[in-house]
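The structure presented is a predicted model; accordingly, all values stated were derived computationally and were not measured.
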Amino acid sequence: WAKFNLFASVLRAPDAGSWGLPLVIMALAASAVSLYYYLQVLKRVYVSKPLQTEHSQITPMRVSAIELLILTVIAFAVVLLGILPGALSSWIPLG
């Protein structure tokens, strides 16, 4: 969302001159490359099988109650702001 707003602002800026469109194209290309690497991490987490030997044993990670509360609040905020991005962008002063 932030990148979309940034790219749109650059394209709408009257003083961007002849550099606006090439900069947005380069930024989109860089975003596509970074997306590839982000997806590789998700692929390893959710698709690839874990490496195990016959002597290794996977034990669940222990999380305290306060850590679980903080993670839950952060996850809720991410979902809420993903659904209602205007809730945060209305707080940001423009100019």
Side-chain angles (χ1 to χ4, degrees):
W1 181 252
K3 284 184 184 184
F4 172 76
N5 282 331
L6 179 67
F7 298 159
S9 296
V10 169
L11 291 176
R12 278 184 279 162
D15 57 347
S18 62
W19 287 100
L21 184 60
L23 285 175
V24 169
I25 290 171
M26 286 188 336
L28 284 171
S31 295
V33 170
S34 65
L35 180 63
Y36 170 78
Y37 287 104
Y38 297 147
L39 291 176
Q40 290 299 313
V41 172
L42 293 176
K43 177 183 160 190
R44 289 184 190 260
V45 170
Y46 293 110
V47 177
S48 299
K49 294 186 179 191
L51 299 175
Q52 289 184 348
T53 62
E54 61 186 60
H55 300 293
S56 68
Q57 185 178 11
I58 297 175
T59 58
M61 188 170 77
R62 298 193 189 282
V63 179
S64 70
I66 189 72
E67 291 170 331
L68 184 61
L69 176 68
I70 291 170
L71 289 172
T72 304
V73 168
I74 291 171
F76 179 74
V78 167
V79 170
L80 182 67
L81 291 173
I83 295 170
L84 301 169
L88 181 63
S89 64
S90 63
W91 289 2
I92 301 171
L94 300 174

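In the hydrophobic clustering of ILVMFWY residues, with side-chain heavy atoms under 4.5 Å counting as a link, Leu11 and Leu23 come out apart. Linking Ile, Leu, Val, Met, Phe, Trp and Tyr residues whenever their side-chain heavy atoms come within less than 4.5 Å leaves Met26 and Val33 in two separate clusters. No continuous path of hydrophobic side-chain contacts links Phe76 to Val73 [ILVMFWY only; heavy atoms under 4.5 Å]. When hydrophobic clusters are built by joining Ile, Leu, Val, Met, Phe, Trp and Tyr residues whose side-chain heavy atoms come closer than 4.5 Å, directly or via intermediates, Leu71 is not grouped with Val45.
The distance from the CD atom of Gln40 to the OG atom of Ser48 is 8.5 Å, given to the nearest 0.5 Å. For the atom pair Phe4 CZ and Ser9 OG, the distance stands at 9.0 Å (nearest 0.5 Å). We find the OH-CG distance between Tyr37 and Leu42 to be 15.0 Å, quoted to the nearest 0.5 Å. One distance of note links CG of Leu84 with CG of Leu80; it measures 5.5 Å at 0.5 Å rounding. Annotation: the span from Ser34 atom OG to Leu39 atom CG amounts to 9.5 Å, rounded to 0.5 Å.
Contact record, Phe7 with Leu28: CE1-CD2, 3.5 Å, taken as the closest heavy-atom pair. A pairwise comparison of heavy atoms in Arg62 and Glu67 identifies O-OE1, 4.4 Å as the closest pair.
Legend: residues meeting side chain to side chain contact (heavy atoms under 4.5 Å, CB included) with Ala75, ordered by chain and number and at least two apart, are absent.
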